[in-house]
2 protein chains.
Amino acid sequence: MVVGVDDMAADGAARLPAASRPGGRTARVRAAALRATEDALIEVGLARLDLADIARRAGIGKTTVYRRWRTVPALIADLLADMAEQSSPRSDTGSLAGDLLANAHLVQRTLTDARQGALFRAILAAALTDTDTAEALRRFYEARISEWEPCVYAAVERGELPAGTDAREVIRAVSAPLYHRLLTGEDIDPTHAEHAAATATAAARAGAYRP
Amino acid sequence: MVVGVDDMAADGAARLPAASRPGGRTARVRAAALRATEDALIEVGLARLDLADIARRAGIGKTTVYRRWRTVPALIADLLADMAEQSSPRSDTGSLAGDLLANAHLVQRTLTDARQGALFRAILAAALTDTDTAEALRRFYEARISEWEPCVYAAVERGELPAGTDAREVIRAVSAPLYHRLLTGEDIDPTHAEHAAATATAAARAGAYRP
DNA sequence: CGACTAACGGCACCATGGTCCCGTTAGTCA
DNA sequence: TGACTAACGGGACCATGGTGCCGTTAGTCG
């Protein structure tokens, strides 16, 4: 088998636009493929996903999809890398309880939204069956958590929380119970968001997030 | 198409041993299929699962598997129903913190164990892509939570917690952060279990689980 | 204990997702 | 602005998972 540069996509995670030729078309193809993947995941779900269908939606060749990403998880991992780059701004309400509530509501709305919710379910399912996707998901959350952790630093400075509080753990604690409900397909309403935020706030105040 | 009684498995969730003939062989076949499903999920994972392979492992006919369960998610949902029936006893250490810690360690060990962890990852992935499986998963957790909620009632009676504390929410709060780590493929060690238990305890004491 | 039939099993068949080959398009760089 | 080649696209081909048919096995019940 003669391996051209053409055939090298199989090295672990999906690669970003190739180093040697990052220009227009490659980037356009990637963007179209990722949007199509998003749509397909939302409409038909992970289980019935078909790379040929994605190619059709994206208006690109089926061969291209197989060559560049090779597998469904690799494609999703690349989608996650793309999502991690788009940042959503945090709130700053002036109190820890308010900030965490805003965060909880954001997560709640995302997971409840018809499109976003379906997308996240599919992505989480993919992450559970593929380590590269899991790694990409971790990076995605790293980015989101980094966005929100200043809330906790501010609360420590205001004297709301004990010094040494693990900011990232506090942020994670807000969304964990909401994701747990997502797993079992239970509904997630604003009440649950409020509970999640209140619980994390109480635990943080009690000093439960110091190592 | 002549529909015999033979062909009626497609009504939603997988059925339990048929009402009219619950006896020996049917039950044996089901048990063998569920054990084989467990093994296959652990060894090859959800993505590469093959019903013919499961039939081979179970020593039963491929046709039988397709006829009785129809799809992979239906088979997994039936596996979950089976798992829900096997109860694991709770601990009683005499204090809420101790009981929740015991629960957290149990969850931590389960998710960390090579076989059980892989099995849970596959099951959660299936639940995220199929509502019947999600429903079965919900029932499974209902059973587990019911087993442990007396810890909380006891703590209320001892005066450790305020009256009106939502027992089920407290139990869920212990495992939620551990499952959240599972999603992203992060390691889960006893330290994380201790944090999860301590956090839930602190939040419960602070009255965060009253509606 | 023998007839009845639900449920199982083997096998051939078929649909469809994934691979391969090779010609085409379009960034890149002198 | 033209040669070079990375990357794309079409379509034939192939492997494999899922279905249908029909004979066989073994609980059930009189």
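As the structure is a computational prediction, the values presented were derived from the model and not from experiment. Chain letters run A, B, ... following the sequence lines, proteins first, then strands; residues in each count from 1.
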Atom pairs, N/O to N/O, protein against nucleotides 16-18 of chain C, distance under 3.5 Å?
residue	atom	partner	partner atom	Å
C:dG17	OP2	A:Asp50	OD2	3.3
C:dG18	OP2	A:Tyr66	OH	2.7
C:dG18	O5'	A:Tyr66	OH	3.2
C:dG18	N7	A:Lys62	NZ	3.1
C:dG18	O6	A:Lys62	NZ	3.3

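The aromatic rings of A:His180 and B:Tyr141 sit tilted, their planes meeting at an angle between 30° and 60°.
Rounded to whole Å, atom P of D:dA26 lies 8 Å from atom CZ of B:Arg28. Protein atom CH2 of B:Trp69 is 11 Å distant from nucleotide atom C1' of C:dA7, rounded to whole Å. When rounded to the nearest whole Å, the span between CG of B:Leu46 and P of D:dG17 equals 14 Å. Rounded to an integer number of Å, the gap from CZ of A:Arg67 to P of D:dG9 is 8 Å. At whole-Å resolution of the value, CD1 in A:Ile54 and P in D:dG9 are 14 Å apart. When rounded to the nearest whole Å, the span between CD1 of A:Ile60 and P of C:dT25 equals 17 Å.
A close approach under 4.0 Å does not occur between any side-chain nitrogen or oxygen of A:Thr63 and OP1 or OP2 of D:dC8. Under 4.0 angstrom from either OP1 or OP2 of D:dA7 there lies no side-chain N or O belonging to A:Arg68.
Applying the ring pair (Phe, Tyr, Trp, His ring centres under 6.0 Å) test to every pair with at least one member in residues 25-54 of chain A, sequence neighbours left out, gives no pairs at all.
Between B:Arg90 and B:Glu149 there is no salt bridge, since no side-chain N of the basic residue sits under 4.0 Å from a carboxylate O of the acidic one.
The side chain of B:Arg25 approaches D:dA26 more closely than any other nucleotide in the set D:dA26, C:dG9, C:dG27.
Residues passing the salt bridge (charged side-chain N to carboxylate O under 4.0 Å, His left out) test with A:Arg121: none are found, sequence neighbours excluded.
The two atoms that bring B:Leu183 and A:Leu124 nearest to each other are CD1-CD2, 4.2 Å, heavy atoms only.
With contacts defined as side-chain heavy-atom distances shorter than 4.5 Å, the pair A:Arg25/A:Arg28 qualifies.
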